[in-house]
Amino acid sequence: MRQRGVNRVVMAVRDIEEGREFYEKLLGCEFHPGNDEEAAAFGVRILFSWDGGVELVAPIEGRDSHINKILDEHGEGMIGVVWAVEDADASKAAGEELGMSTFYTLDYSQSQIDRDLQGRFSRYYEHFMSGRGTPLGNASVLVGEFDPPKS
């Protein structure tokens, strides 16, 4: 059965290792790296805590990124929510009807899931959407299909 509801919250931090230490201590969870190469293309580093329901994102020093702008304007904290939905494409279409724009889509192969997400899924497909211009304000919303590993 596919998960539905909140998959994780996305927290912007200035320093990824300080963020890891803080949230591991606060939540008693463990963080794992994501796809560093893909994240670096956006000028960021990411860490996932699947057991804590948290994704940390931090700017790479000396690189321009959207996260730098968020941190400069709003400081550290929650910047988005990842929602697990039954049909990511239908949620994307609904979001666009509501005035949201999609700025990135991930559709990982099983080898990418195994390498970058510790094999935790059999399907990992998500759309990154901007809430700007909607009641969501500057928050990002990610909608995705996250199927459990096949037994």
Side-chain angles (χ1 to χ4, degrees), residues 1-36 38-39 42 44-59 65-71 73-110 112-151:
M1 178 182 221
R2 187 175 283 162
Q3 175 202 1
R4 293 190 357 206
V6 174
N7 176 267
R8 63 190 184 277
V9 295
V10 182
M11 307 297 287
V13 295
R14 293 194 188 280
D15 182 288
I16 199 85
E17 291 306 323
E18 286 179 11
R20 173 201 298 256
E21 290 175 23
F22 178 85
Y23 286 100
E24 282 182 344
K25 185 171 186 173
L26 177 68
L27 302 174
C29 60
E30 182 180 353
F31 283 89
H32 303 275
N35 185 330
D36 291 333
E38 189 166 31
F42 291 96
V44 298
R45 291 185 60 206
I46 57 174
L47 293 173
F48 294 104
S49 174
W50 302 112
D51 60 333
V54 178
E55 176 180 341
L56 300 179
V57 59
S65 75
H66 180 65
I67 298 304
N68 275 322
K69 294 174 187 135
I70 290 172
L71 288 167
E73 290 177 21
H74 306 286
E76 294 183 308
M78 190 172 79
I79 60 168
V81 176
V82 181
W83 296 94
V85 296
E86 190 64 33
D87 183 334
D89 290 334
S91 291
K92 173 187 172 202
E96 289 172 349
E97 285 180 26
L98 293 166
M100 300 177 78
S101 60
T102 302
F103 58 91
Y104 194 67
T105 296
L106 284 177
D107 189 3
Y108 279 175
S109 68
Q110 190 62 53
Q112 287 173 301
I113 291 169
D114 293 344
R115 182 188 69 225
D116 299 327
L117 305 174
Q118 299 79 49
R120 293 181 182 270
F121 307 96
S122 62
R123 172 99 165 119
Y124 190 92
Y125 176 62
E126 66 185 358
H127 299 292
F128 294 57
M129 303 173 71
S130 171
R132 200 167 279 144
T134 73
L136 296 170
N138 289 323
S140 293
V141 173
L142 291 75
V143 294
E145 298 170 27
F146 311 106
D147 293 347
K150 294 180 178 158
S151 307

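Computed from a predicted structure; not experimentally measured.
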Legend entry - side chain to side chain donor-acceptor pair (under 3.5 Å) evaluation trace for T102 with E96: CA-CA 7 Å; T102 302; E96 289 172 349; 3.0 Å; yes
Rounded distance (nearest 0.5 Å) linking atom [atom1] of [X] with atom [atom2] of [Y]:
X	Y	atom1	atom2	answer
C29	Y23	SG	OH	10.0 Å
R123	K150	CZ	NZ	10.0 Å
D114	R120	CG	CZ	12.0 Å
E21	D15	CD	CG	8.5 Å
L56	M11	CG	CE	8.0 Å

Legend entry - Carboxylate-amine/guanidinium proximity below 4.0 Å for K92 and E97: no
Legend entry - Short N-O contact, R8 and E126, less than 4.0 angstrom: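 Result for this pair is yes, salt bridge flagged.
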Non-hydrogen side-chain atoms of [X] and [Y] separated by less than 4.5 Å:
X	Y	answer
H32	W50	yes
V54	L27	yes
V81	V10	no
S140	F103	yes
N35	R115	yes
R4	V85	no
H66	F42	no

Inset, instruction - Indicate yes or no for a side-chain donor-acceptor contact from E24 to the backbone of F31 under 3.5 Å, with no hydrogens or angles considered. - result: yes
Legend entry - S101 backbone acceptor or donor facing S130 side chain under 3.5 Å: no
On a heavy-atom basis, which atom in [X] and which in [Y] lie closest, and how many Å separate them?
X	Y	result
R14	P59	O-CD, 4.0 Å
A88	G144	CB-CA, 4.1 Å
E38	L106	OE2-CD2, 3.0 Å
M129	S91	CE-O, 4.3 Å
I79	A12	CG2-CB, 3.7 Å
I46	D36	O-OD1, 4.3 Å

Inset, instruction - Quick one: sort the F146 and Y124 rings into parallel, tilted or perpendicular, breaks at 30° and 60°. - result: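 F146 and Y124: tilted rings.
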Inset, instruction - Show the numbers, then the answer: is there a side-chain contact (heavy atoms from CB on, under 4.5 Å) between Q110 and S122? - result: CA-CA 6 Å; Q110 190 62 53; S122 62; 4.1 Å; yes
Legend entry - Qualifying residue, where the test is side-chain hydrogen bond (donor to acceptor under 3.5 Å, both in side chains) with Y125 and the options are D147, D107, D89: D89
Legend entry - Check against side-chain contact (heavy atoms from CB on, under 4.5 Å), L142 and W83: CA-CA 6 Å; L142 291 75; W83 296 94; over 6 Å; no
Legend entry - Test side-chain contact (heavy atoms from CB on, under 4.5 Å) applied to R45 and E17, step by step: CA-CA 10 Å; R45 291 185 60 206; E17 291 306 323; 3.8 Å; yes
Legend entry - From CA spacing to verdict: side-chain contact (heavy atoms from CB on, under 4.5 Å), V9, E55: CA-CA 6 Å; V9 295; E55 176 180 341; over 6 Å; no
Legend entry - Ring centre gap for Y108 and F121 strictly below 6.0 Å: no
